[in-house]
Q: 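So that we are looking at the same thing, I have put the structure below in structure tokens.
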Amino acid sequence: MTTSTRTPAGELSATAARHLLLNMTPNGSLGSDGENLFVVRRGEGPYVHDADGRRHIDGLSGLYCCQLGYSYAPEFAEAADKQLRELCFSPLWSASAHPTAIELAERLSRIAPPGIEHTFFSGGGAEAVETAWKIARRYHALRGETGRVKAIARRGAYHGLTIGALSLTDDPGLREPYGPGAIETRFVSNTNRFGLDPEYADDAAYTARLLAELEAAILAEGPETIAMLIAEPVQNRGGCITPPEGYWPGLRRLADRHGFLLVADEVITAFGRLGEWFGGDRYGARPDIVTVAKGITAGYAPMGATLVSSRVVEVINRPGAVLNHGYTFAGHPLSAAIALRSLEIMERDRILDNVRSHQDHLAQRMASLAALPIVGDVRGAGFFYALELVGDLDGGAFSDTARADLIAGLIPRRLREAGLLARVYNRAAPLVQIAPPLISDRELLDRIAEIIADTLDEASARL
């Protein structure tokens with residue numbers, strides 16, 4: 001069959017039900033004819049149109065990817081056409097490279113955090129995380145510290161679904177079906193203050209508590225066994241969890257004191273999501289390794305990358321040393337050309353300035369939603385926010401009925417009916433999350449807030 005824009009929506013859905021396996025989806029729930037499938041046909045600006053022609057605000061930027069929305073396609077098509085006519089493929093393998101990947105690596109070094117000057121390309125975020133782990137292990141082994149075989153990550157964190165990255169992801173429901181993790185990982189507290197004692201509203205006290213817990217975990221495991229600590233500047237899983245002041249500088253001190261590498265997972269937060277090229281810059285992060293993907297190409301092509309500090313590269317590039325690691329499509333010429341064009345557009349059209357000029361307004365609009373009875377907490381930064389919802393039981397939990405009726409039913413349905421695509425989590429912490437395209441203006445951000453307010457007001461009335 002054809003999948004042109006003339007294919008009827010029902011035919012697309014039915015074909016999907018017969019042949020397409022979706023990611024992170026109970027595929028059996030799509031229905032025999034795919035009647036429960038949402039099909040996106042095209043995009044324009046910050047909007048997408050479904051297969052029936054209805055327009056929706058893309059309040060999640062695809063999946064945190066489409067930083068520039070959907071109106072730059074002609075420019076990206078031009079970049080892709082030029083690259084494909086010149087060179088469609090060449091691997092970054094066995095002392096071979098191509099100009100587009102070289103140019104992109106140099107370009108990234110100019111915007112990366114201080115000391116980060118080298119790039120290892122991959123196909124996506126999970127591969128970038130796997131690469132970070134292998135580089136950390138190789139770094140320590142070449143320095144004679146072969147016992148550094150463990151990682152530290154944070155509770156509730158998500159770092160990818162490949163076997164190595166999954167080991168760093170704190171979700172038993174995702175890990176347990178596939179057996180023991182490939183990496184021995186110790187999980188420590190994330191930086192979510194919701195529900196904690198009021199004394200931890202003070203940044204200094206909270207940072208001291210978190211760092212003390214982390215150091216205790218390091219000492220318990222044995223500092224000489226820790227290869228790396230991985231954390232997101234703002235943790236996505238659990239709802240846009242921001243760090244207290246001093247937290248990231250504290251991580252740097254502990255990494256230096258105990259000899260492990262500090263990895264900033266910026267698969268979501270890099271390339272403007274928080275108003276900076278790298279989200280960690282907002283919080284004083286000075287990592288050894290940075291993982292990126294998603295926004296590096298603004299969603300116009302798949303790509304991931306692991307950015308590495310010169311001090312680490314000096315070790316893994318020692319004479320005779322080999323980094324036995326790679327991906328066939330790493331630094332693919334097409335993806336590299338798309339990434340270069342994306343960075344060019346972001347600079348030319350001052351996309352970071354747009355986020356910076358509107359982030360305070362979005363913060364105010366989101367904060368106002370805390371007045372709704374169903375909203376327990378509002379948190380986030382830049383163009384990245386989450387509302388943690390509270391329910392009908394003592395302590396703010398949801399009864400099974402309320403969870404099914406509101407979190408799984410009414411809220412996602414009403415948001416979509418009103419023309420907003422957002423993320424509604426129905427797990428341990430029920431959440432509504434947004435990450436709108438970085439081109440969004442004040443009017444669009446207001447409309448997003450209004451739709452969420454109307455939806456959650458109705459949900460509050462049903463508690």
Side-chain angles (χ1 to χ4, degrees), residues 8-10 12-14 16-17 20 22-43 46-64 66 236-237 239-240 365-366 368-378 385-393 396-437 440 444-463:
L12 282 169
S13 298
L20 182 63
L22 300 176
N23 297 210
M24 299 291 285
T25 300
N27 285 275
S29 68
L30 297 179
S32 58
D33 293 323
E35 59 269 19
N36 297 321
L37 180 66
F38 179 69
V39 177
V40 176
R41 195 186 291 273
R42 67 183 184 92
Y47 304 96
V48 294
H49 295 250
D50 67 24
D52 292 314
R54 293 186 295 265
R55 190 177 79 165
H56 306 263
I57 300 169
D58 185 0
L60 207 64
S61 297
L63 194 60
Y64 320 104
C66 300
N236 174 52
R237 206 88 180 274
C240 301
R365 290 304 308 263
M366 297 304 289
S368 70
L369 301 177
L372 294 169
I374 200 172
V375 177
D377 193 30
V378 178
Y385 273 89
L387 309 173
E388 183 164 338
L389 307 182
V390 292
D392 55 342
L393 301 178
F398 283 86
S399 64
D400 291 344
T401 299
R403 184 179 283 272
D405 290 348
L406 300 180
I407 309 303
L410 183 138
I411 293 173
R413 184 173 68 251
R414 288 285 190 262
L415 290 173
R416 187 169 292 177
E417 288 172 352
L420 173 64
L421 302 184
R423 198 164 202 180
V424 182
Y425 283 95
N426 188 23
R427 295 176 72 87
L431 304 163
V432 175
Q433 186 185 53
I434 60 165
S440 301
L444 187 74
L445 297 175
D446 283 339
R447 181 59 186 146
I448 290 172
E450 289 165 3
I451 292 172
I452 295 174
D454 290 345
T455 299
L456 296 185
D457 186 50
E458 180 181 354
S460 295
R462 298 194 182 193
L463 283 176

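Values reported hereafter were calculated over all heavy atoms of this structure, with side chains retained and with hydrogens, waters and symmetry mates removed.
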Q: Might you point out which heavy atoms bring A17 and G34 nearest each other, and give the distance in Å?
A: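 Shortest heavy-atom separation between A17 and G34 comes out as CB-N, 3.5 Å.
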Q: Hey, what do you get for CZ (R42) to CZ (R55), rounding to the nearest 0.5 Å?
A: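 Going from CZ on R42 over to CZ on R55, the span is 9.5 Å.
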Q: Measuring only between side-chain heavy atoms, which start at C-beta, is R416 closer than 4.5 Å to L421?
A: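 With C-beta onward as the side chain, the pair touches.
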Q: Decide yes or no for L37 and L12: does some side-chain heavy atom of the first lie under 4.5 Å from some side-chain heavy atom of the second?
A: no
Q: Show the nearest heavy-atom pair for residues I407 and P412, with the distance to one decimal.
A: O-CD, 3.2 Å
Q: Can you give the donor-acceptor pairs under 3.5 Å from side chains of residues 445-454 to other protein atoms, not counting sequence neighbours?
A:
from : atom 1 : to   : atom 2 : distance (Å)
D446 : OD1    : H361 : NE2    : 2.5
D446 : OD1    : R365 : NH1    : 2.8

Q: Rounded to the nearest 0.5 Å, how far apart are CG of N27 and CG of N36?
A: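 Here the rounded value is 12.0 Å.
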Q: Could you state the interatomic distance from OH (Y47) to CG (L420), rounded to the nearest 0.5 Å?
A: 11.0 Å
Q: Using a 4.5 Å cut-off on heavy atoms from C-beta on, say whether the side chain of L30 contacts that of L22.
A: yes
Q: Please name the pair of heavy atoms, one in C240 and one in Q433, separated by the smallest distance, quoted to 0.1 Å.
A: SG-NE2, 3.3 Å
Q: Output yes when a side-chain donor or acceptor of D52 lies under 3.5 Å from a complementary backbone atom of R54, and no otherwise.
A: no
Q: Is there side-chain contact between F398 and I374, with heavy atoms separated by less than 4.5 Å?
A: yes
Q: Would a distance-only check, ignoring hydrogens and angles, find a side-chain to backbone donor-acceptor pair under 3.5 Å from D33 to G10?
A: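 Between the backbone of G10 and the side chain of D33 there is no qualifying donor-acceptor contact (under 3.5 Å).
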Q: Side chains of P436 and I57: does their closest heavy-atom pair fall under 4.5 Å?
A: no
Q: Can you name the nearest heavy-atom pair linking S61 to A435, along with the distance?
A: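 In terms of heavy atoms, the two residues are closest at OG-O, 2.6 Å.
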Q: Give me the atom names and distance for the closest heavy-atom approach of A402 to D392.
A: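 Heavy atoms of A402 and D392 come nearest at CB-OD2, 3.5 Å.
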Q: Give the intermediate values and the outcome of side-chain contact (heavy atoms from CB on, under 4.5 Å) for residues L410 and R462.
A: CA-CA 10 Å; L410 183 138; R462 298 194 182 193; 3.1 Å; yes
Q: Using the rule given for side-chain contact (heavy atoms from CB on, under 4.5 Å), can you reason through L389 versus Y425, listing the C-alpha separation, both sets of side-chain angles and the distance that settles it, and then say yes or no?
A: CA-CA 10 Å; L389 307 182; Y425 283 95; over 6 Å; no
Q: Taking all heavy atoms of V390 and all of G376, pick out the closest pair and write down the distance.
A: CG1-CA, 3.7 Å
Q: Let's go through R403 and N426 carefully: what are the C-alpha distance in whole Å and the side-chain angles of both, what is the deciding distance for side-chain contact (heavy atoms from CB on, under 4.5 Å) to 0.1 Å, and is it a yes or a no?
A: CA-CA 8 Å; R403 184 179 283 272; N426 188 23; 2.9 Å; yes
Q: To the nearest 0.5 Å, what is the distance between CG (L406) and CZ (R414)?
A: 11.0 Å
Q: Apply side-chain contact (heavy atoms from CB on, under 4.5 Å) to the pair V40 and H49, showing each step before the final yes or no.
A: CA-CA 6 Å; V40 176; H49 295 250; over 6 Å; no
Q: Quick one: are L387 and L372 in side-chain contact, heavy atoms under 4.5 Å?
A: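 Answer no - side chains too far apart.
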